[in-house]
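What follows is one structure encoded as structure tokens, with my remarks underneath.
All heavy atoms count here, side chains included; hydrogens, waters and symmetry mates do not. All of these numbers come straight from a predicted model, not from anything done at the bench. Order of appearance sets the numbers: ligands from 1, and atoms from 1 within every ligand.
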Amino acid sequence: MAIRTILRDSDPSLRKKSRIVSDFNPRMHKLLDDMRETLLEANGLGLAAPQVGVLRRAVLVVDTSREEGDEDAVIELINPEIIAREGEQEGNEGCLSVPGVYGIVKRPETVTVRAFDRFGNEFEVSGEGLTARAFCHEIDHLDGILFSDLASRFLTKEELDEIARGDAEEDADAEEDGGE
Ligand code: NI
């Protein structure tokens, strides 16, 4: 496996429509393995192939309802399509390709996605909350859409500082509890 470079928002590849995957071959498996390593290293919740410069319809999404370190927590979705949406949530979103920027984006509360695994087997998966948000965000990447296109507003520096402080406190709490 190898870590690939994550493209930044000014890169034209992020604005293109990705192509359907028709060969579930070793080259595709290598791409997915590299994307997984790149995602874990970047500590993100999802990654789409165009973010590493490959214009193919493949994304990874971290299922946040699973334990940290669970191998199955990273879901591989090839040629994904959202087939059902329910409810609504409004919340904070960011992107590995748009570092340091966060915005408020409206998304469905629950989504069901139909996709193929790396061997070409079709499956369906549902996610709610943060996982639903990640499905939508990553699938948007395949059509050249960034969260910043959809944000109703962007967080201010003060709000970002507040979140950073909150995270730091959480980390400190976690250490007291034994680092869980
Ligand atoms: Ni993104």
* **Residues Glu159, Thr156; criterion side chain to side chain donor-acceptor pair (under 3.5 Å); working and verdict** => CA-CA 5 Å; Glu159 287 172 312; Thr156 62; 3.3 Å; yes
* Is it true that Glu76 and Arg36 have a side-chain N and a carboxylate O under 4.0 angstrom from each other? -> yes
* So does Lys157 pair up with Asp161, basic N to acidic O under 4.0 Å? -> yes
* Asked: Quick one: side-chain hydrogen bond (donor to acceptor under 3.5 Å, both in side chains) pairs with a partner in residues 44-57, sequence neighbours left out?
  -> Gln51-Ser97, Arg57-Asp143
* Taking atom CZ of Arg15 as the centre, report whether more than 12 heavy atoms of other residues, nucleotides or ligands fall under 6.0 Å from it. => yes
* **Arg153 atom CZ, neighbour heavy-atom count above 12 within 6.0 Å** => yes
* Distance criterion under 2.8 Å: protein N/O/S atoms around the Ni ion (ligand 1) -> 3
